[in-house]
Amino acid sequence: MAPALLGCVLAHETADGLVAVELTEVEAYTGATDPASHAYRGMTGRNAIMFGPPGHAYVYFTYGMHFCVNVVCMPEGIARAVLLRAGRVTMGESLARRRRVPRRLADGPADRPPPAVPARDLARGPARLCQALAIDRTQNGLDLCSAASELRLRPAGTSAGPVPARTVEAGPRVGISVAVDVPWRFWLSGDPTVSAYRPAKSRAR
DNA sequence: CGTCGGATAATCT
DNA sequence: GATTATCCGACGA
């Protein structure tokens, strides 16, 4: 499922408008067989959506300030999902840019405005992807395959043409402290929107 | 360019 | 009480 999601488009339609992101980087989490998965030790309040029907959004809050979104991808009862790690904004770029709020809000009046965010960085990383698309707890559990849903996933390629041929690479997942060698991170080879963060948290002390 | 510390709170043990 | 599927700004090369 995970590499198959590369090139697919996730779109969120809100009162502010529409933002769409073409997925360029994902990670697979296989629940009961994966020590790094939120569902490894069974169902909890947070991960319940992972145990539900496929095609739904599993959104979680982490590090006290960030949201990340997954696509549930196995039948009801089997908790497996794909984390959406990065993408390229294809629609609503100005809206996505407006949603990126600078971290320092309490600056003196003489301060210059913060530098503009490069377009390639708007959805580069799982929390930034959610920020560009305005995804938070409100979207947890939504059916991504329903035409009536505000948050929709559509297949790769467009009505104007087929899926462009691209190379997929695989490697270890990011930011986890167990199962660090399992190569379940997938990305489009050479794509500039793929996240380039340190492979593991340097919290050794 | 790379590396590092800090922010910040829900979730789980 | 510890950990966390992260990001940003500062600093040094």
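Any value given below was found using the heavy atoms of this structure, including those in side chains, with hydrogens, waters and symmetry copies removed. The chains referred to below are lettered A, B, ... by the order of the sequence lines, with proteins before strands, and numbering in each begins at 1.
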Upstream residue (5' side of DNA chain B) when Gly45(A) and Gly64(A) are each assigned their closest nucleotide: Gly64(A)
Rounded off to whole Å, could you give me the [atom1]-to-[atom2] distance for the [X] and [N] pair?
X	N	atom1	atom2	result
Leu122(A)	dC8(C)	CG	C1'	15 Å
Asn140(A)	dA10(B)	CG	C1'	13 Å
Tyr58(A)	dA10(B)	OH	P	15 Å
Asp136(A)	dT8(B)	CG	P	19 Å
Ile176(A)	dA5(C)	CD1	C1'	7 Å
His66(A)	dA10(B)	NE2	P	15 Å
Arg46(A)	dT3(C)	CZ	P	15 Å
Tyr60(A)	dA5(C)	OH	P	6 Å

The Watson-Crick or G-U wobble partner of dT6(C), with both key distances under 3.5 Å, is dA7(B)
Pairing partner of dC1(B) (Watson-Crick or G-U wobble, both distances under 3.5 Å): dG12(C)
Is the shortest side-chain heavy-atom distance between [X] and [Y] below 4.5 Å?
X	Y	value
His12(A)	Val19(A)	no
Gln139(A)	Phe67(A)	no
Trp187(A)	Glu27(A)	no
Val21(A)	Val89(A)	yes

Heavy-atom nearest nucleotide on DNA chain C taken for Ser177(A) and for Leu129(A); more 5' hit belongs to Ser177(A)
[X] side-chain proximity, nearest of [options]:
X	options	result
Met65(A)	dC7(C), dT11(B), dT8(B)	dT8(B)
Arg128(A)	dC12(B), dC7(C), dA7(B)	dC7(C)
Arg137(A)	dC8(C), dT6(C), dT11(B)	dT11(B)
Cys68(A)	dT11(B), dT6(C), dT13(B)	dT6(C)

Side-chain N or O of Arg85(A) closer than 4.0 Å to phosphate OP1/OP2 of dT6(C): yes
Surrounding CZ of Phe61(A) (heavy atoms of other residues, nucleotides or ligands, distance under 6.0 Å), is the total greater than 12? yes
Please classify the nucleic acid contact of Ala36(A) as base, sugar-phosphate, or nothing, using heavy-atom distances under 4.0 Å. base
For Phe61(A), which contact category applies under a 4.0 Å heavy-atom criterion: base, sugar-phosphate, or nothing? sugar-phosphate
